[in-house]
Amino acid sequence: MQGLEPTFQAYAWGSTTAIPELLGFAPGTEPVAEAWFGGHPSSSSRLTGHGGESLHTAIARRPGALLGADVASRFGEQLPFLLKVIAAARPLSLQVHPSVELAQEGYAREDARGVPLDDPRRSYRDRNHKPELVYALTAFEALVGFRAPRRTAEILRGLEHPVARQLHKTVTADPSPTGVQEAFTRLVSVGTRPTPREVRELAEEFRARLRSGSPSPRTDHAVDLLEHAYPGDPGAVTAVLLNPVTLRPGEALFVPAGAVHAYLDGVAVEVMANSDNVLRAGLTAKHVDIPELLRAVDCVAAPPIRIAPEHVYDATDVYYVPVDDFELSVTSVTSSGACRLPSSGPRVVLCLEGPVRLRAATGDELDLSTGGAAFVPAADGALTVTGEGRLIQASVP
């Protein structure tokens, strides 16, 4: 096993302090939105040995030893997952991640058109799906998936703005996925979406109701927050259609491919399939691809998928998800003795609190302090950890 140096993404919605404080380096003036621990070719982490070789390159050179025969046969010569730390100081884009089928089709289509992989107008940067698990490190606020049309109608009832009245009419006339899709499509599509002036006017009506008494203060607050962050953007109004979610530290949420979502505030660990495919409908200065997002989005109303952990090996909680690409475990270790970690395939370990010492079945050892990370190849076998602290492990089921 070797130490793993993350790559950082300086997106505008990031925090200047949260990730530096968590990982133990001096903050700068630029926002740090994400720290990536993985081998995605667009922004691969680097191993601390072998001259700082990228993890992506190392795996391509020795897939059998680093991934193991089983993982390599199932996922090819790539680490199947990507671990991130994200810090949202302002809301992220309204987005959907595609299925494998849509990703493969979209990637081939953009390749055929000659769109470079690093072109900001490109929607598909790889051929993979991107289901993801969010594990909250602080209170974490999000909008995820469509709420019941009945509840949307209750929230819209009594609002006077023509946009609200039209939405209310749509979801009451057809309280099915078709009606939800019609309402969402109307809000985000060019030609039918509200004008910036209409968005501002409707946001003011939500703000006034928030002050005077609201049937859904969380929704009114979300519309207010989003419209302040992205003035005039109709994505702010979609909050009336979406489920509000609050995660406390240690709680986790699974976001499948096709689920529309927007993260609003907080710091979290994400583990996802090894992909950077994001289809956006608004609330961003980045590339927006509404027709492609509408192809990918699942409009069936459903509650958010919270994942309760299973407690294993005395000191570890494992968050199992309904995909084959990854699982997440959290281990709290004390000075009382060694703790076994689950899994023996390729793993990424991130120390949230330390110091701790990792020991592989081969006898190799590695010390990690707070913010340190390691890549553990399949050839190292089972891991144990000693010390005092808490660590995150992403692995393959």
Side-chain angles (χ1 to χ4, degrees), residues 1-6 19-25 35-39 45-50 52 55 58-59 65-68 70-71 79 81-85 133 135-138 249-252 267-271 307-320 326-397:
M1 58 186 144
Q2 294 185 52
L4 193 64
E5 295 290 339
I19 289 177
E21 289 175 359
L22 181 67
L23 300 186
F25 62 91
W36 289 23
F37 299 87
S45 302
R46 293 193 171 274
L47 299 166
T48 56
H50 300 290
L55 182 57
I59 289 173
L66 299 189
L67 298 179
D70 173 63
V71 170
L79 189 66
F81 59 81
L82 174 60
L83 179 71
K84 297 181 182 180
V85 177
L133 181 78
Y135 173 82
L137 299 178
T138 69
E251 293 184 330
V267 181
V269 169
E270 281 187 304
V271 61
I307 303 294
E310 292 189 29
H311 193 64
V312 301
Y313 300 151
D314 296 328
T316 297
D317 288 331
V318 182
Y319 296 80
Y320 296 104
F326 61 85
E327 64 189 24
L328 182 74
S329 63
V330 182
T331 299
S332 297
V333 58
T334 66
S335 58
S336 59
C339 296
R340 180 183 172 189
L341 299 184
S343 181
S344 58
R347 287 142 286 172
V348 170
V349 177
L350 171 63
C351 181
L352 297 178
E353 300 169 21
V356 298
R357 173 170 292 178
L358 300 177
R359 182 179 176 85
T362 58
D364 289 343
E365 294 185 338
L366 182 66
D367 291 329
L368 294 179
S369 56
T370 301
F375 173 71
V376 183
D380 278 10
L383 278 181
T384 57
V385 58
T386 56
E388 290 193 54
R390 182 165 61 112
L391 54 86
I392 291 271
Q393 177 183 263
S395 58
V396 186

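Everything numeric here is computed off the predicted structure, so don't read it as measured data. Excluded from the calculations below are hydrogen atoms, water molecules and symmetry mates; all remaining heavy atoms, backbone and side chain alike, are included.
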Pairwise side-chain hydrogen bond (donor to acceptor under 3.5 Å, both in side chains) hits with a residue in residues 369-380, at least two apart:
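For residues 369-380, and leaving out neighbouring residues, there are no side-chain hydrogen bond (donor to acceptor under 3.5 Å, both in side chains) pairs at all.
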Per the side-chain hydrogen bond (donor to acceptor under 3.5 Å, both in side chains) rule, what does the pair list look like for residues 340-361, sequence neighbours excluded?
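Passing the test, one end in residues 340-361: Tyr313-Arg340, Glu353-Arg390, Arg357-Asp367, Arg359-Glu365.
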Check whether any side-chain heavy atom of [X] lies under 4.5 Å from a side-chain heavy atom of [Y], and answer yes or no.
X	Y	result
Pro346	Val71	yes
Phe37	Val85	yes
Phe326	Leu83	no
Val318	Tyr320	yes
Leu368	Leu391	no

So, taking the atom named [atom1] in [X] and the one named [atom2] in [Y], what distance separates them when rounded to the nearest 0.5 Å?
X	Y	atom1	atom2	value
Leu383	Gln393	CG	CD	6.0 Å
Ile19	Phe25	CD1	CZ	7.0 Å
Ile392	Tyr319	CD1	OH	8.0 Å
Ile307	Asp317	CD1	CG	13.5 Å
Glu251	Tyr135	CD	OH	10.0 Å
Thr384	Leu341	OG1	CG	7.5 Å

What's the shortest heavy-atom distance between [X] and [Y], and which atoms?
X	Y	value
Leu23	Ala35	CD1-CB, 3.9 Å
Gly371	Leu350	O-CD1, 4.0 Å
Leu47	Ala58	CD1-CB, 3.8 Å
Asp364	Met1	O-CE, 3.2 Å
Leu79	Gly39	CD2-N, 4.4 Å
Phe375	Leu66	CZ-O, 3.9 Å

Give a yes or no on whether the backbone of Ala338 and the side-chain of Thr386 come within a donor-acceptor separation of less than 3.5 Å.
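Pair absent, no side-chain N/O of Thr386 close to backbone of Ala338.
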